[in-house]
There are 2 protein chains.
Amino acid sequence: MRIGELSRLSQVSVATIKYYLREDLLPPGTATATNQATYTEAHVRRLRLIRALIDVGGLSVARARDVIAAVDAGDLPPHTLLGIAHGAVTRPPDRSGTDPAWHAARTEVVELVHRRGWSVSPDSPGLDQAADAIRALRTLGQDDLLGCLETYADAAELVAGRELDIVVARADPTRMVEGVITGTVLGEVLLASLRLLAQQDASARHLGAAPPPTTPTDQRGSNTAATT
Amino acid sequence: MRIGELSRLSQVSVATIKYYLREDLLPPGTATATNQATYTEAHVRRLRLIRALIDVGGLSVARARDVIAAVDAGDLPPHTLLGIAHGAVTRPPDRSGTDPAWHAARTEVVELVHRRGWSVSPDSPGLDQAADAIRALRTLGQDDLLGCLETYADAAELVAGRELDIVVARADPTRMVEGVITGTVLGEVLLASLRLLAQQDASARHLGAAPPPTTPTDQRGSNTAATT
DNA sequence: CTCCAATAGATAGTGAGACTATCCAATTAC
DNA sequence: GTAATTGGATAGTCTCACTATCTATTGGAG
């Protein structure tokens with residue numbers, strides 16, 4: 001197919017496709033002449049992956065490129081792949097350099113990891129990001145919220161174990177790579193969404209308040225539960 | 001104190017403080033003359049909250065302003081407050097308008113919520129965001145990753161319940177408001193970080209234990225400690 | 001009392017990021 | 001044969017989050 005059809009199938013404008021080509025997010029099509037190239041179904045899938053990472057996962061174009069490159073590398077060892085995915089979904093640490101409170105928080109994370117017997121490399125971006133969050137909670141005087149910490153760790157263990165089971169169940173290594181990437185990025189979004197929903201429920205349950213009446217804008221099938 | 005000291009204590013440049021004042025993220029100090037105003041410890045705390053939301057939580061300045069405004073409103077009903085916090089940590093839905101796949105995904109989420117007996121308002125941003133993620137996973141052919149869905153929901157229930165317990169344990173309503181905000185935003189970051197760490201452990205454990213051949217992926221959940 | 005650094009408020013400028021638009025020459029579809 | 005499409009290059013736009021400059025004041029050390 002040519003670029004026009006690629007654009008139509010992927011719902012991405014031609015100009016944006018060209019931009020992604022320039023930025024090495026999308027491999028070039030096979031050139032048939034100086035100004036003609038053909039694209040395949042693989043390009044459509046790639047484009048869908050890119051948009052999912054950017055639009056749903058919230059990655060920047062640069063982060064998405066790193067992830068894509070890892071997918072294309074193909075033969076990376078799994079822990080490297082996971083490291084790249086994790087690097088893509090974390091923000092660079094806040095003020096790690098000089099802040100003693102940050103180092104204290106990071107030590108706390110390392111201790112948690114050790115207590116749990118987790119096998120984690122010492123430069124994992126997750127350690128830094130957790131330290132950022134803990135330091136922030138402490139400096140805001142919200143220390144008691146860290147009473148959730150073990151619960152968070154329980155939940156993390158729960159979902160990570162299940163996620164791994166599903167991904168390793170795949171025979172095809174290429175599909176495994178895709179699973180790690182999409183699972184890491186989109187799984188985070190999904191888990192976060194469900195946490196929000198569960199928070200709303202917990203709040204409603206505690207306050208004994210029924211949710212507001214459902215508007216009839218959503219008339220397909222069963223609607224939101226209003227009672228418990 | 002004057003703005004210079006405020007800047008020093010909060011580690012935020014004077015120019016940026018002025019910017020936050022213009023953008024209504026920070027209330028003005030009490031003016032003592034045409035070009036003099038004094039700030040208090042409350043301004044320092046506010047500034048720290050702003051930076052935590054932006055730097056650690058990843059909120060935009062505009063989202064942070066909405067959240068801050070909710071904190072200052074003071075007398076908002078809890079579900080409204082929670083709604084604002086949730087609106088701040090979610091991205092607007094992707095292509096909800098015309099896509100039947102999206103509506104199918106959203107229905108799936110609503111059914112999950114119903115199945116769980118969660119009491120959730122039908123316009124919760126969490127519903128839309130979860131639908132985005134599910135639709136993306138399906139269109140990427142990663143449907144099997146949705147085998148995690150119930151596990152995610154379990155984890156979400158677990159952490160949300162604990163979070164609520166901690167926040168309602170606070171007597172002071174002002175502290176409760178802060179707890180909802182910081183818990184929602186920073187808790188998400190913390191949970192996501194720990195998930196990454198747990199993923200790394202699960203991956204190491206699996207690769208350390210046995211090569212991929214056929215290991216029935218049935219022992220879920222409990223990880224036995226294995227120090228590294 | 002003097003004088004200079006600090007300040008409030010206003011306005012303008014900057015740099016990154018993610019596209020978007022325009023050109024041009026070479027096809028290609030009709 | 002002519003109009004539309006394409007690839008490649010370059011330049012422009014828009015938002016965001018600051019950052020810098022300017023103009024009067026004003027606080028305070030000497």
Side-chain angles (χ1 to χ4, degrees), chain A residues 1-40 43-44 46-68 88 91-92 94-95, chain B residues 1-40 43-44 46-68 88 91-92 94-95:
Chain A
M1 74 186 75
R2 303 199 304 176
I3 203 172
E5 193 178 357
L6 179 60
S7 170
R8 217 167 24 72
L9 290 178
S10 63
Q11 304 271 33
V12 177
S13 78
V14 171
T16 300
I17 291 174
K18 287 184 176 182
Y19 168 62
Y20 289 158
L21 286 166
R22 285 198 298 280
E23 295 291 320
D24 291 322
L25 272 86
L26 191 68
T30 55
T32 63
T34 24
N35 63 340
Q36 292 291 291
T38 62
Y39 303 89
T40 67
H43 288 91
V44 181
R46 170 58 53 89
L47 231 21
R48 282 205 251 266
L49 175 59
I50 293 169
R51 297 316 299 225
L53 293 176
I54 291 176
D55 293 341
V56 182
L59 301 200
S60 68
V61 166
R63 298 301 189 103
R65 175 176 45 221
D66 296 344
V67 168
I68 294 286
R91 42 185 54 249
D94 203 9
R95 45 175 47 142
Chain B
M1 74 186 75
R2 303 200 306 180
I3 203 172
E5 193 178 357
L6 179 60
S7 169
R8 218 170 22 75
L9 290 178
S10 62
Q11 304 272 33
V12 178
S13 78
V14 171
T16 300
I17 291 175
K18 286 184 177 183
Y19 168 63
Y20 290 158
L21 286 167
R22 286 198 298 280
E23 295 291 320
D24 291 322
L25 273 87
L26 191 67
T30 54
T32 63
T34 26
N35 64 336
Q36 292 291 292
T38 62
Y39 304 89
T40 67
H43 287 93
V44 181
R46 169 58 52 90
L47 232 21
R48 281 205 251 266
L49 174 59
I50 293 169
R51 297 316 299 226
L53 294 176
I54 291 176
D55 293 341
V56 183
L59 300 200
S60 68
V61 167
R63 297 299 187 104
R65 175 177 43 222
D66 296 344
V67 168
I68 295 287
R91 42 185 54 250
D94 203 8
R95 44 174 46 142

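Letters A, B, ... mirror the listed sequences (proteins, then strands); counts begin at 1.
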Colleague: Distance check needed: D:dG27 C1' versus B:M1 CE, whole Å only.
Modeller: 17 Å

Colleague: Do A:R46 and A:Y39 have side-chain atoms, one donor and one acceptor, less than 3.5 Å apart?
Modeller: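 There is no such pair between these side chains.
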
Colleague: A:Y39 has an atom OH; how far is it from atom P of D:dT5, in whole Å?
Modeller: 16 Å

Colleague: Identify which nucleotide among D:dA11, D:dG7, D:dT6 has an atom closest to any side-chain atom of A:R22, counting heavy atoms from C-beta outward.
Modeller: D:dA11

Colleague: How do B:A62 and B:A33 order along DNA chain D: which one's closest nucleotide is nearer the 5' end?
Modeller: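 Checking each residue's closest nucleotide, the 5'-ward one belongs to B:A62.
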
Colleague: Show the numbers, then the answer: is there a side chain to side chain contact (heavy atoms under 4.5 Å, CB included) between B:R63 and B:L53?
Modeller: CA-CA 9 Å; B:R63 297 299 187 104; B:L53 294 176; over 6 Å; no

Colleague: In whole Å, I'd like the distance from the CD atom of B:E5 to the P atom of D:dG28.
Modeller: 12 Å

Colleague: Using a 4.0 Å heavy-atom cut-off, does B:S60 contact any base of the nucleic acid, only the sugar-phosphate backbone, or nothing at all?
Modeller: sugar-phosphate

Colleague: Counting the atoms with a prime plus P, OP1 and OP2 as sugar-phosphate, which does A:A15 contact under 4.0 Å by heavy atoms, base, sugar-phosphate, or nothing?
Modeller: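 Touches a base.
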
Colleague: Please list, in 5' to 3' order, the outermost nucleotides of DNA chain C lying under 4.0 Å from any heavy atom of chain B.
Modeller: C:dA6 to C:dT11

Colleague: Provide, to the nearest angstrom, the distance between the NZ atom belonging to B:K18 and the P atom belonging to D:dT21.
Modeller: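 Taking atom P of D:dT21 as the reference, NZ of B:K18 is at 13 Å.
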
Colleague: Take B:M1 and B:V44 through the side chain to side chain contact (heavy atoms under 4.5 Å, CB included) test and state the conclusion after the steps.
Modeller: CA-CA 10 Å; B:M1 74 186 75; B:V44 181; 3.9 Å; yes

Colleague: What integer distance in Å separates B:R63:CZ from D:dA17:C1'?
Modeller: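 These atoms are roughly 16 Å apart.
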
Colleague: Taking the nucleotide of DNA chain D with the closest heavy atom to each, which residue, B:R2 or A:T38, is nearer the 5' end?
Modeller: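 Nearer the 5' end of the strand: A:T38.
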
Colleague: Evaluate side chain to side chain contact (heavy atoms under 4.5 Å, CB included) for A:I17 paired with A:S10, printing each intermediate quantity in order.
Modeller: CA-CA 10 Å; A:I17 291 174; A:S10 63; 4.3 Å; yes

Colleague: Are any of B:T16's side-chain N or O atoms less than 4.0 Å away from OP1 or OP2 of D:dT19?
Modeller: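 Checking B:T16 against D:dT19: at least one side-chain N or O falls below 4.0 Å of OP1 or OP2.
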
Colleague: Over how many whole Å does the gap from A:I17 atom CD1 to D:dT6 atom P extend?
Modeller: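 Rounded to the whole Å, the gap is 10 Å.
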
Colleague: Has A:R65 got a side-chain atom pairing as donor or acceptor with A:E23's backbone, closer than 3.5 angstrom?
Modeller: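 Present.
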
Colleague: Is there a side-chain contact between B:H43 and B:L9 (heavy atoms, below 4.5 Å)?
Modeller: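 Heavy-atom side-chain distance check fails, nothing below 4.5 Å.
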
Colleague: A:S13 or A:Q36: which one's nearest nucleotide on DNA chain C is closer to the 5' end?
Modeller: A:S13

Colleague: Sub-3.5 Å donor-acceptor pair from the side chain of B:T38 to the main-chain atoms of B:R2, do we have one?
Modeller: no

Colleague: In whole angstrom, what separates A:L6's CG from D:dT6's P?
Modeller: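 Result: 10 Å.
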
Colleague: When the distance from OH of B:Y19 to C1' of D:dC16 is rounded to whole Å, what number comes out?
Modeller: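 Answer to the nearest Å: 7 Å.
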
